[in-house]
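The next block holds one structure in the form of C-alpha cells; read it before the comments.
Lettering of chains follows the sequences in order, A, B, ..., and the numbering in each one begins at 1. Below, all heavy atoms of this structure are taken into account, side chains as well, without hydrogens, waters or symmetry copies.
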Number of protein chains: 2
Amino acid sequence: MSSRSQAIADILTRAIIDHRLVPGCKLGERELAEIFGVSRIVVRQAVIRLADDGLAQIERNRGAFVAKPSMQEAMEIYDALTLVEQGVAAQLSERLGPGGWAELRQHVERQRQAVAAGNDALADVLGQEFHSVFVRLSRNKVMQDIHAQLVRRTTLLRSLITADFDYCNLLDDHSRVIDLLEKGRLKKAMELIDTHHRSVVRGYIMDRAVFPELSPREALSPYLAGDGDKTDAASDKAGAEQNGARIYAIPPANLRRTQAGDP
Amino acid sequence: MSSRSQAIADILTRAIIDHRLVPGCKLGERELAEIFGVSRIVVRQAVIRLADDGLAQIERNRGAFVAKPSMQEAMEIYDALTLVEQGVAAQLSERLGPGGWAELRQHVERQRQAVAAGNDALADVLGQEFHSVFVRLSRNKVMQDIHAQLVRRTTLLRSLITADFDYCNLLDDHSRVIDLLEKGRLKKAMELIDTHHRSVVRGYIMDRAVFPELSPREALSPYLAGDGDKTDAASDKAGAEQNGARIYAIPPANLRRTQAGDP
DNA sequence: GATGTAAAATTGGATAGCAATTCCTGTTTT
DNA sequence: AAAACAGGAATTGCTATCCAATTTTACATC
C-alpha cells in the first residue's frame, strides 16, 4: 500500500460520499488519530489530501471540517460536471466502437434489473457508476480523475440537500443518451446531459439537515478492519456486499424510491 | 497566510512552472527542509500537495520527485485541456457580454505589444494567461481551478520537451477564437482550439533534456525572501519585474522567438 | 567487470513538547 | 436575566528527536 495518510484519506472520502460524515462535521486531529490508531501528523496529511480534493475545509487554528459548499458552489460543480460529460460525449460519439456502446448498455441494463429487484442501494451505486464508465471509455486517465473528483463533490452535496421532486423522468436518461450518441445526434445528447444535471440541481433545497450527524467515531467504525467496536452504527447502516466491493451507503427514505444517486 | 506547507507548496509549484525544477528532480525532505528552514514534516505536507496536483510523484521509501509524465499522459493532459476550453467556449459564446469580449481583446492586445517590444518573457506569460482569463470569464471557480491545474501540468510538460516547429501560424489563434466566438461561429472556434493544442502537442519531442537540471538549492534561491544566498543562479536567471508581479521565467533560447508559453 | 555484503543515508512514522489561537466556562456587571 | 469579561482548557501548527524499514552507496570478493 502507499502511505498511511493516503489510506486514511481514502477511508474518510468513502465515509463522506456514504453520507456518514456530513458537511460541517469537525475532523479533529486528536480524535481521528485515536480512531485510526495513528499519530496526529498522519491524520493531518490525510486531511490535507481531502482539502485538496474539495471535500474538506481547513481553517487556520480551528481545524478541518467536512466541506459545506454553498449553493453557488454546488451549481458550479454541476456546471463543471456537465461541461466535462458533454465534452466526453462529443469524443465518444466520434470514437467509440461497438464494444463501448455495448458496455454502456450492459451497465444500464444491470441498473434496470437492480431497480426492478427493488435493490435501491445497488441501483443507486450503479446510477453513479454509469457516469464513471462513460468517462472511462474516453480512455483519458487525466479526464477520469477530474471527473471522479467532481462526482465525489456532487455526492457530498447530496448530504445537505433534499431532492424533493419527481425523478421518474430521469430514469431513462442514460439509455437515451447512449441511443442519441450512437446515432450521431450529438447536440441532442448534450442537451439531454445538460437538462439531466440541471433538473437535479433545480430540485435542491439547501440549509436543511438530511442526513443525521454522527460523531466521527460512529461514522467511521464500519470502515475499520481490526478494531471494530461493533457499535450499533456498524451493523444497521452498513453492509450490502456486491461484486466483491462493499457498498456501505444505504440511501435514506427520501431518496429510496428514486434514481437519487445520479449526479 | 494559510499554512506553512501551503506556502512552500506554492513556491515549489512556481519553481516547477518556471522550469527551474525539472521533471525527475529529487525533492529530498532533508534538503528542502534545510532550504526553507522548516521541519521535514512541513516539507512532506507540501510535497503531498504537489503530488495531488500532479506535479510530483511520491515513491514509497524513495521520496518525491518532480513528475515526469509520459508522452501518453502528456496527450491526455492536452486532450483534457482542449475539452475544458471548448466547453468554456461554448458557454461564453452564449453568455458573454460585450465587456467580456473587450477584456479578452485587450489582453491579446497587451500580448501583441509585448511581442512587438521584444519582451519575450512577458509575451510568454501573457500567452499563458490568456487561457486563464478566458476560463475566468465563465465565472465558475471550480472550472477555473481544474483548468489552472491542467495549465500547470502543461507547463511542466514543456520542461522536458523541445517544441521545434513553426509557432508563427499560432500567433493569431487567440484573437481568431475571440472573433469566431463573438460571431457565434462556435463550431469553427472549437475546431481552432483543438488544432491550436494539437499542433502544440504534435511538435513535442520527448526524452531530451531541454532545461538544465539545477540542484534544488540553486533552483529555489530566487524565491526565498530573507535568507537569499546571493548565488549566481539567482542573479542571472531570475528577475524581470512587470505589473508588480515578478516574472522569474525567462524562456531559453529555443523558445525565445516564439509564442512558446501558449498551451 | 560482475556480484555480494556491510555501512550510510533516506523515508515514513511515533512521541513529546511548545507557542499561539480559539473555545469554553464561570463570574461579574449592567 | 442578559451581556460582558476574564482566565483556564483544549486545539492547532509546528519543532525536535528518535526509531524501524527500506534503499542507496561503498567496498570487498570472486
Side-chain angles (χ1 to χ4, degrees), chain A residues 1-13 21 23-53 55-68 213-217 219-220 223-227, chain B residues 1-12 21 23-53 55-68 213 215-217 219-220 223-227:
Chain A
M1 190 185 299
S2 58
S3 64
R4 210 77 107 71
S5 64
Q6 183 61 64
I8 289 174
D10 289 344
I11 291 179
L12 290 176
T13 299
L21 286 173
C25 178
K26 172 106 196 247
L27 300 171
E29 288 185 7
R30 196 175 303 275
E31 187 177 9
L32 293 180
E34 205 178 298
I35 291 172
F36 289 109
V38 297
S39 73
R40 278 201 297 144
I41 289 172
V42 177
V43 168
R44 176 114 52 116
Q45 287 164 356
V47 167
I48 286 175
R49 293 190 141 101
L50 286 214
D52 281 350
D53 223 37
L55 294 183
Q57 290 169 346
I58 299 176
E59 295 177 34
R60 187 156 226 273
N61 280 318
R62 280 183 27 86
F65 305 82
V66 177
K68 204 169 191 170
E213 174 148 4
L214 308 176
S215 75
R217 190 177 294 275
L220 295 170
Y223 309 97
L224 302 175
D227 40 272
Chain B
M1 188 188 301
S2 56
S3 64
R4 203 93 72 107
S5 65
Q6 183 63 64
I8 289 174
D10 289 344
I11 291 178
L12 290 175
L21 286 173
C25 179
K26 172 104 198 246
L27 301 171
E29 287 185 9
R30 194 175 305 274
E31 187 176 8
L32 293 181
E34 205 177 299
I35 291 172
F36 290 109
V38 297
S39 72
R40 278 174 48 206
I41 288 174
V42 177
V43 169
R44 183 134 88 230
Q45 288 164 356
V47 166
I48 286 174
R49 294 189 140 100
L50 286 214
D52 281 350
D53 222 36
L55 294 182
Q57 290 168 344
I58 299 176
E59 296 177 32
R60 185 152 226 272
N61 281 318
R62 279 181 31 85
F65 305 82
V66 177
K68 203 170 193 170
E213 174 149 3
S215 75
R217 191 177 295 275
L220 295 170
Y223 308 97
L224 301 175
D227 41 273

> Does B:I41 have any side-chain contact (heavy atoms from CB on, under 4.5 Å) partners at least two apart in sequence or in another chain, and if so, which?
Replying inline: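 In terms of side-chain contact (heavy atoms from CB on, under 4.5 Å), with neighbours along the sequence ignored, B:I41 is linked to A:I41, B:S39, B:Q45.
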> What residues form a side-chain contact (heavy atoms from CB on, under 4.5 Å) with B:V43, not counting sequence neighbours?
Replying inline: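 Result, side-chain contact (heavy atoms from CB on, under 4.5 Å) vs B:V43: B:L32, B:A33, B:V38, B:V47.
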Which residues share a side-chain hydrogen bond (donor to acceptor under 3.5 Å, both in side chains) with [X], sequence neighbours left out:
X     : answer
A:E29 : A:R40, A:R44
A:D52 : none
A:R30 : none

>> Please report the distance, rounded to the nearest Å, between CD1 in B:I48 and P in D:dG13.
In response: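 B:I48 atom CD1 is separated from D:dG13 atom P by 14 Å.
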> Nearest-Å distance, CD (B:Q6) to C1' (D:dG13)?
Replying inline: 14 Å
Restricting to nitrogen or oxygen on both sides, can you table the protein-nucleotides 11-17 of chain C pairs closer than 3.5 Å?
residue	atom	partner	partner atom	Å
C:dT11	OP1	B:E29	N	3.4
C:dG12	OP2	B:E29	OE2	3.1
C:dG12	N7	B:R40	NH2	2.9
C:dG13	OP1	A:R4	N	2.7
C:dG13	N7	B:R44	NH2	3.3
C:dA14	OP2	A:S39	N	3.1
C:dA14	OP2	A:S39	OG	2.6
C:dG17	O6	A:R40	NH2	3.0

